[in-house]
Every structure is written in structure tokens, then in C-alpha cells.
Student: 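What follows is a structure written as C-alpha cells; I'll ask about it next.
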Amino acid sequence: MSSAADAIRAHAARATPDTVLTGLIGAGIGPSLSPPLHETEARRLGLDLVYTRIDLDDLGVPATAVGPLLTAAGEAGYRGLNITHPCKQVVLEHLDELSPEAAALAAVNTVVFEDGRAVGHNTDWSGFARGLRTGLPDVELGSVVLLGAGGAGAAVAHGLLTAGAGRVRVFDLDAGRAVELAAALAGRFGAERASAGTDLATAVAAADGLVHATPTGMAAHPGLPVPAELLRPDLWIAEVVYRPLETELVRAARAAGARVLDGGRMAVFQAAEAFGLFTGTEPDAARMLRHFAVLTTSPERQPADVLD
């Protein structure tokens with residue numbers, strides 16, 4: 001563990017007193033776009049910010065290492081850290097305080113160090129809600145099918161119901177997990193607004209929209225999470241996966257004539273909110289979206305006219 005903590009301290013040692021030290025803890029995070037998104041936006045705002053990947057796989061440590069890594073980061077003067085798979089739940093016991101949303105979701109993706117305390121936040125749910133509001137601003141939210149009851153699914157469901165969805169039906173390969181999430185949502189939003197689904201085809205046929213929040217579609221997990229024949233023009237589709245941005249679901253939905261929200265907006269808006277928590281400065285989310293588009297098409301190019 002000392003080598004992992006030493007890696008954090010080594011990054012901090014190269015910082016100046018004005019540097020905002022931030023980073024990401026997770027496993028297999030080499031392809032993450034968070035460092036260029038945060039650092040470029042900081043430069044545009046005149047801030048000296050360093051965003052470091054702290055990859056558990058590279059360090060050869062398990063998810064439980066998030067506790068000592070948090071301690072090392074706080075002692076080294078980090079302003080905050082993003083937390084991703086597989087640490088969003090494991091990190092909870094190492095925090096001094098949770099935002100109301102993080103407590104409700106029992107998952108944290110952002111930690112801010114404040115006066116020697118580690119405070120956990122969740123910007124995934126609000127990132128999704130903002131992405132839906134701006135990317136599909138006038139869609140019907142009466143009935144929505146959610147695929148996936150894990151951490152991402154829990155955040156998406158919270159975002160959907162907060163945004164006014166009438167009813168969310170939750171499906172997961174692990175039926176027990178779907179029941180558990182639906183019960184938690186019903187406890188917060190009302191029994192009539194959330195339930196675990198049993199017949200996917202029937203639920204999709206009656207739904208206004210479908211949100212996908214499982215790993216299916218990622219480069220390491222190719223495939224379609226729902227039969228293509230269930231997609232139709234009047235069923236909007238929202239995807240959470242953003243690497244690749246055009247998943248098989250996104251392609252199939254567009255081919256079916258459906259309105260589609262890819263995973264890019266959630267990725268950018270959760271990052272923008274975390275940036276504000278880290279720095280106390282509101283970022284230009286629209287500019288970050290344009291930068292994200294460049295990074296996902298031509299990562300080596302970052303022209304000023306796109307970023308401004």
C-alpha cells in the first residue's frame with residue numbers, strides 16, 4: 001500500500017501552492033477522458049489544476065485500497081477526487097460526511113476535502129438528469145424502462161424520478177437487485193413510481209423511453225442489451241455508456257428511427273459539477289461538451305475554436 005500512497009504524494013510534490021490537485025481512483029481507468037476535460041477547462045478559466053489517474057490495476061491493489069489512498073490524498077493537499085468502479089460503494093465507510101443525494105444513493109463518485117474532512121457527493125444522477133433535459137428536452141416521461149440496477153442504474157433512476165418521470169420499471173439480470181433498487185426508489189419517491197419489471201417486452205411496448213445503464217456496449221462488453229425488434233420510432237433511448245460513444249444500442253435505436261441520447265452528456269455534466277465542487281468555480285459546460293466531442297473523434301486535436 002505504501003507504493004500506492006507514495007504515488008499520490010509524488011504527484012503532490014510537483015505542485016505549486018496555487019495548484020488544485022485532483023484525480024480519479026478506479027480500476028482500468030487508462031482510457032478515461034477526465035484528465036483532459038478537467039485540466040483544459042481549468043486552463044481556460046485561469047486555474048492551475050492537475051488531474052491524475054490513480055489506477056488500482058496499475059498499482060496492483062484491490063478496491064479496499066481506496067481508504068488509504070483517500071487518507072494519503074488528503075494529507076498531500078488534494079482538493080478532491082473522483083471515484084469510479086469498483087470503489088463507489090467501498091469508499092463510503094472512509095468518508096466523514098455525505099451529501100443528501102450520496103446518502104440516498106449509497107454511492108459516491110466525488111470526494112471533496114474540506115477542513116480536514118472527506119465529504120462524499122454523487123454527481124452521476126444530476127449529470128444524467130441535466131443531459132436528459134438538454135439532450136432530449138421535450139420527451140414524454142410518463143413511463144420509463146431502466147436496464148441495470150447497479151450503481152449507474154441507481155443514479156439514473158434517481159435522476160429520472162427527480163426530473164418528473166411518472167413511473168420507472170427496473171430490469172436487471174439479477175432480479176433480486178432490481179427488486180432492491182425499486183424498493184429503495186419507492187421509499188423515496190412513492191410506491192406507485194418505481195417497480196421491478198418481470199416482462200421486458202411488455203414493459204418496453206408500453207414505455208415512452210428506455211434508459212440503458214449496464215456495461216453492455218463497452219469495448220470489453222460488446223453487444224445489444226435489448227432485442228432490436230423492441231425499438232421503435234416513438235420510444236426514446238438514453239445510453240449511459242460513452243466509450244464508445246456510438247454503442248450498438250445507439251446505432252440500432254437510430255436505425256429504428258428513435259430519438260437517442262448518447263452517454264456523452266452524462267459524462268460531461270457529472271464532470272462539470274465535480275469540477276465546480278473541486279474548484280469553487282463554475283465551468284463552462286457547453287465548452288466542455290465541445291471539447292468532449294473533439295476528444296471522442298480526434299483525441300490528438302484540441303483546437304481553440306472548438307474549446308472557446
Side-chain angles (χ1 to χ4, degrees), residues 29 31-34 36-37 41 82 84-85 109 123-141 144-148 150-160 163 165 168 171 204 207-228 230-274 283-299 301-302 306-307:
I29 56 175
S32 172
L33 298 180
S34 292
L37 275 177
E41 182 61 18
N82 282 132
T84 191
H85 177 80
N109 78 321
T123 68
D124 284 332
W125 79 269
S126 49
F128 174 80
R130 185 176 181 183
L132 182 67
R133 184 174 67 251
T134 59
L136 294 174
D138 56 353
V139 294
E140 293 292 331
L141 294 175
V144 181
V145 168
L146 170 64
L147 302 180
V156 164
H158 188 88
L160 281 168
V168 173
F171 289 82
V204 171
D208 298 302
L210 180 147
V211 182
H212 172 239
T214 84
T216 303
M218 293 180 179
H221 304 278
L224 198 59
V226 62
L230 297 184
L231 307 177
R232 60 182 197 273
D234 63 339
L235 177 75
W236 58 264
I237 305 295
E239 172 68 277
V240 168
V241 174
Y242 76 93
R243 298 301 298 272
L245 195 58
E246 187 173 86
T247 62
E248 291 186 46
L249 176 61
V250 167
R251 286 195 299 272
R254 286 175 175 154
R259 295 179 64 184
V260 178
L261 179 72
D262 63 42
R265 285 179 181 263
M266 178 179 176
V268 170
F269 289 141
Q270 66 81 20
E273 187 174 343
D284 186 331
R287 180 167 59 198
M288 292 178 74
L289 270 175
R290 294 194 295 273
H291 185 195
F292 179 86
V294 172
L295 290 171
T296 53
T297 54
S298 302
R301 294 178 57 248
Q302 296 186 34
V306 172
L307 301 182

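Atoms considered below: every heavy atom in the structure, side chains included; atoms not considered: hydrogens, waters and symmetry mates.
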Student: Among all residues two or more places apart in sequence or in another chain, which pass the side chain to side chain contact (heavy atoms under 4.5 Å, CB included) test with Leu289?
Tutor: Arg265, Val268, Phe269
Student: Any non-hydrogen side-chain atom of Arg130 less than 4.5 Å from a side-chain atom of Arg133?
Tutor: yes
Student: Would a 4.5 Å heavy-atom cut-off, applied to side chains only, mark Leu37 and His291 as touching?
Tutor: yes
Student: Just so I know, are the side chains of Val204 and Arg232 near enough to count as touching, which here means a heavy-atom distance under 4.5 Å?
Tutor: yes
Student: What residues, two or more places apart in sequence or in another chain, satisfy side chain to side chain contact (heavy atoms under 4.5 Å, CB included) together with Ala228?
Tutor: Leu224
Student: Determine the minimum heavy-atom distance between Gly131 and Leu261, stating which atoms define it.
Tutor: O-CD1, 3.7 Å
Student: Quick one: pull up CG in Leu249 and OG1 in Thr216 and give me the separation to the nearest 0.5 Å.
Tutor: 9.5 Å
Student: Nearest heavy-atom pair of Gly217 and Thr247: which atoms, and what distance?
Tutor: O-CG2, 3.9 Å
Student: Using a 3.5 Å distance criterion without hydrogens, assess whether the side chain of Asn109 forms a donor-acceptor pair with backbone atoms of Thr84.
Tutor: no
Student: Using side-chain heavy atoms (C-beta onward) and a distance below 4.5 Å, is His212 in contact with Val226?
Tutor: no
Student: Hey, does the side chain of Arg259 reach the backbone of Leu136 with a donor-acceptor pair shorter than 3.5 angstrom?
Tutor: no
Student: Would you call Leu132 and Leu160 a side-chain contact if the rule is heavy atoms closer than 4.5 Å?
Tutor: yes
Student: Closer than 3.5 angstrom, by distance alone: can the side chain of Glu246 be matched with the main-chain N or O of Arg251 as a donor-acceptor pair?
Tutor: no
Student: For residues 231-264, which residue pairs qualify under ring pair (Phe, Tyr, Trp, His ring centres under 6.0 Å), counting only residues two or more places apart or in two chains?
Tutor: Tyr242-Phe292
Student: Quick one: closest heavy-atom pair of Ala272 and Met288, and the distance?
Tutor: CB-SD, 3.9 Å
